[in-house]
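First the proteins, then the strands, lettered A, B, ... as listed; each starts at 1.
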Amino acid sequence: MSIAVSGKVKTKMPTDLKGKEKNRKITWKEVKKQKVLLFLSSLFVLYGIIFCYLPLVGWLMAFQNYKPKEGFFHSQFIGLSKFVQLFSDDLFIRVIRNTLAMGAINLVATFLTAIIFAILLNEIKSKKGKKVVQTISYLPHFLSWIIVTGILHDALSGTGIVNDLLVRFHLLKEPINFFAYPKYFWGIVAFANVWKETGWNAIIYLSAITGIDPSLYEAAAIDGAGRWGRIKHITLPGIKPTIIILLLMNIGNVLNAGFEVQYLLGNGLVKSVSQTIDIYVLKWGISQGDYSLGTAAGIFKSMVSIILIVVANQMAKRAGEERLF
Amino acid sequence: MDKRMILHEKKKTSLSDKIFIVLNTVFMILFVVITLYPVLNTLVLAFNNGTDSLRGGLYLWPRKWTLKNFNTVLHKNNLLIGAYITVLRTVFGTLTALAANALLAYIVSRKRFLFKKELSLFWVITMYVNGGMIPTFLLYKGLGLTNSFMVYIIPGMIGAFYMLVIRTYMGGIPDSLEESAQLDGAGEMTIFIRIISPLCKPVYATVALFIAVGHWNSWFDAMLYNRMSTSLTTLQYELMKLLSSVMNQSTSIQAMKDSATAVTPTSVRAAATILTMLPIVSLYPFLQRYFVAGLTIGGVKE
C-alpha cells in the first residue's frame, strides 16, 4: 500500500486550465531561457516513451497471430479471436474468479486489521510501548515475499508451530499439510498479506488519528462518552476520509495484488484456486510462447483495473467524499 | 442521588477501562509475538542440525547447534554470485534512480517551466497504465536488455511515485533561494546540485531507502529476463529456487538421504533467509524513521 499515499499527491494533479492559459506564453525568449530544462525534459520524455508508452503499442499483438519470426509488422491480424479463445477457456474463467476473490479477501482483511490495529495502538498510554510495538509491526513490510512465504511455509509445515499447537490443543489429531488442500489456500494468502502489511498500512491511519483535534476527545469525555463511544464518534469519523481515499486507491489495485504470494505458495495440488491472471499470462505468454494470448489476458486485466478505479471514484463522488480525480 | 449515579458511572467506566487496557495490552503482546516468532523460528532452524530439525519440536532455541547450514550457504557459488549481483544492483540502481528521479522532480517543480504540468501528467499516467508483462518482455528483448545487468538498472530508473514525493518536498522550498542564485548567474544544473539538493537530503534519504529495499528484494526481473545467465542471478531469486526445492520435496525421506551431510534443503534455506534478511533487519532500527517520513512527506498537501 506504499503507493496509496500517491492518492493525495494525485488529488492536486488536475490541471487548472484557466490559470495555465493566463500564465503561459511560449515565446522565443522563454524557450531560450529554459533551454537547459527543455533539453533535459526531452530526454526524460524520450525515456518515458520507450519504457512506459512503447509497451502499450504492443497491445496490438492481442489482435494478431503474433509469431516472433514474422515480427510485429508482418504478423497476421486476426481481430478478436484471441479474446474469444480466452473467454472460452474454462481455466481463464477460473483464473479471473481466483484473482477477484483473493483480491477482495485481501483488501477487506488488510483494511480491517490495519484500522483496528491503528485504533487499538492509539489507545496504548505508554509512549515507549507504543513506539516499540509500532516499530516491530512494520518490519515485515520490508522483507521480500520470498522470505515471507519461506517463513510461512516453515510455520505451517508438518513440524511447524501451527500444526504443533493445533495437535497439542486437540484441535487436530495429527499434523496436516496446509498447502495440499485448496480450501485453506485463500486463507493462507490473506493471512500472509495481513502479517506482512498490517503494521505498515496502519501508519497512515495513526497519523490521521494524531491529526484529530484533542479537544474533541475532552468534550466527549465531559459528555460521558466511554472509550467505545469516543472511538465510534470521534476517531472513526476523523479517519473516514483517509479510509475512503485508501480504499479507492486499493480497489484499483485489487487485480495487481495477485502474483507473488500465489506464485510462490501455489503448487500442483492447489492450482485450481491459486492461479491468478498474472500467473496465467506468465504461463501461457512467456513459458508457452503464446504472446498474443498472454497480451490479451493482460489487456483484460488492465481494462478491469481502470473500470474499477473509475467506478470507485464515481461512488465516492456520489457519496460526497474525497476522490482521486 | 445524582452524585451517586455519577460516581457509580465513573467506577463502572474505570472498571471497563481496566479490562480494556488489560485486553489491549494482551492483544499487542500477541501481535508482537505473531510478528516476531516466525522470524525467530527461522533463526532457530538456521542454527540447528538439519537432520535433527526434521523431528520437529523446535521452538525458541536450537537443539543441536551447528554452523554447517551457514557454511553450506557460504560455499554455494550461485548464492555468492547472487549476493554480489544484488549488492551491485542495489548500489548502482539506487544511485542512478535517485539522481534521475531527483532531476525530473526538479524540472517539474520549477514554477516557470513551460511544460511542467504536461511533464507531470506524462509521468503520472505511467502509474496507472502500463503495457503489461508480455509487451514489456518483448521490448526488453528487442533492446538487448535481456541477459544483461542493465535490465536491473535502466527500466526501473524513474518511478513516478518517487518523483512526486520529491517534487512535493521541493515545492516547499522558498523560491527566494533560487531567485537569488539566478541573479548571481547560476545555471539550472548549479541551482539543482548546489542549492536545491542539499536542502532535499531528508527526502532523498527516504526515496533512496525505498529504492534500495526494492532492489534488494526483487527477484522477478532476474527470473524473467536473466534466467539463462547464471552469472546475473540475484540473491532473492536463488532463495526462491531454494524455497521451491523445499516445497517440492514431497516427503522428508528425500531429505533423509542427505542426512550424512546434516544439512537439508530446509535448513540451508533457513540459513540463506537469515543472511538475506540480515542487512535489512540490522539497519532497520536506525533507518525506520526515514521510511515513515516518506509516507508523511507524500501526504503533505501543496
Visitor: Looking at chain A, which one of B:I158, B:L45, B:T136, B:N41 has the largest number of heavy-atom pairs inside 4.5 Å, strictly under?
Guide: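 The residue among B:I158, B:L45, B:T136, B:N41 with the greatest pair count is B:I158.
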Visitor: Please flag which part of A:S302 lies under 4.5 Å from any non-hydrogen atom of chain B: side chain, backbone, both or neither.
Guide: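 The answer is the side chain of A:S302.
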Visitor: Only pairs of heavy atoms separated by less than 4.5 Å count here; which of B:T25, B:L138, B:V32 has the most with chain A?
Guide: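 Going by pairs under 4.5 Å, I would pick B:L138.
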Visitor: Please look at A:L264 and chain B and tell me whether the side chain, the backbone, both or neither of the residue comes under 4.5 angstrom of a heavy atom of that chain.
Guide: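 For A:L264, heavy atoms of backbone and side chain both lie under 4.5 Å from chain B.
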Visitor: Decide yes or no for A:P140 and B:T35: does some side-chain heavy atom of the first lie under 4.5 Å from some side-chain heavy atom of the second?
Guide: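 They are in side-chain contact.
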Visitor: Side chain from CB out, backbone as N, CA, C, O: work out which of these in A:L43 comes under 4.5 Å of a heavy atom of chain B, or both, or neither.
Guide: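 Neither part.
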Visitor: For the residue pair A:F259 and B:F220, is the inter-centroid distance of their aromatic rings smaller than 6.0 Å?
Guide: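 Ring-ring flag for A:F259/B:F220: true, centres closer than 6.0 Å.
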Visitor: Less than 4.5 Å apart, any side-chain heavy atom of A:D164 and any of B:Y59?
Guide: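 Answer yes - side chains close enough.
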Visitor: Check B:T42 against A:D154 and note the closest heavy-atom contact, atom names and distance.
Guide: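 Closest pair (atom of B:T42, atom of A:D154, distance): OG1-OD2, 3.9 Å.
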Visitor: Output the residues of residues 278-291 of chain A for which the shortest heavy-atom distance to chain B is under 4.5 Å, in residue-number order; output 'none' if no such residue exists.
Guide: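 At a heavy-atom separation under 4.5 Å, chain B is reached by A:D278, A:V281, A:L282, A:G285, A:I286, A:Y291.
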Visitor: Answer with side chain, backbone, both or neither: which region of A:E123 has an atom nearer than 4.5 Å to a non-hydrogen atom of chain B?
Guide: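 Contact with chain B is through both the backbone and side chain of A:E123.
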Visitor: Please flag which part of A:F191 lies under 4.5 Å from any non-hydrogen atom of chain B: side chain, backbone, both or neither.
Guide: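 For A:F191, side-chain heavy atoms alone lie under 4.5 Å from chain B.
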Visitor: Does any N or O in the side chain of A:Q34 come within less than 3.5 Å of the main-chain N or O of B:L114, such that one atom is a donor and the other an acceptor?
Guide: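 Yes, because the side chain of A:Q34 sits within donor-acceptor range (under 3.5 Å) of the backbone of B:L114.
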Visitor: Is there side-chain contact between A:F44 and B:M163, with heavy atoms separated by less than 4.5 Å?
Guide: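 Counting from C-beta outward, A:F44 and B:M163 never come under 4.5 Å.
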Visitor: Can you tell which part of B:Y37 gets under 4.5 Å to a heavy atom of chain A, answering side chain, backbone, both or neither?
Guide: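 Only the side chain of B:Y37 comes within 4.5 Å of chain A.
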Visitor: Could you go through A:I136 and B:F31, starting from their C-alpha distance and side-chain angles, then the distance that decides it, and tell me whether this counts as side-chain contact (heavy atoms from CB on, under 4.5 Å)?
Guide: CA-CA 9 Å; A:I136 291 170; B:F31 184 91; over 6 Å; no
Visitor: Counting only heavy atoms closer than 4.5 Å, note whether A:K131 contacts chain B via side chain, backbone, both or neither.
Guide: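 Answer is side chain: those atoms of A:K131 sit under 4.5 Å from chain B.
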Visitor: Set out, in order, the CA-CA distance, both residues' side-chain angles and the distance that settles side-chain contact (heavy atoms from CB on, under 4.5 Å) for B:E188 and A:L40, then state yes or no.
Guide: CA-CA 10 Å; B:E188 292 290 353; A:L40 289 171; 5.9 Å; no
Visitor: Which atoms of A:V45 are under 4.5 Å from chain B, going by heavy atoms: the side chain, the backbone, both sets, or neither?
Guide: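 For A:V45, the contact with chain B is made by backbone and side chain together.
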Visitor: So, does A:W195 use its side chain to make a donor-acceptor pair with the main chain of B:I34 at under 3.5 Å?
Guide: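 Flag set: sc A:W195 to bb B:I34 pair under 3.5 Å.
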Visitor: What part of A:S305 gets within 4.5 angstrom of chain B, counting heavy atoms only: side chain, backbone, both, or neither?
Guide: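 Neither part.
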Visitor: Tell me, do A:W228 and B:F20 make a side-chain contact under 4.5 Å, heavy atoms counted?
Guide: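 No; the side chains remain at least 4.5 Å from each other.
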Visitor: Within the 4.5 Å heavy-atom criterion, are A:L37 and B:F115 side-chain neighbours or not?
Guide: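 Side chain of A:L37 against side chain of B:F115, heavy atoms only: no contact under 4.5 Å found.
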Visitor: Has the side chain of B:Y284 got a donor or acceptor atom that lies under 3.5 Å from a matching backbone atom of A:F142?
Guide: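 Side chain of B:Y284 to backbone of A:F142, a donor-acceptor pair under 3.5 Å: no, none is there.
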Visitor: Under a 3.5 Å distance rule, please check whether B:R269 uses its side chain to pair with a backbone N or O of A:G150 as donor and acceptor.
Guide: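 Checking the backbone N and O of A:G150 against the side chain of B:R269, a donor-acceptor pair under 3.5 Å is found.
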Visitor: Sort A:L152 into side chain, backbone, both or neither according to what part of it lies under 4.5 angstrom from a heavy atom of chain B.
Guide: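 A:L152 has no heavy atom closer than 4.5 Å to chain B.
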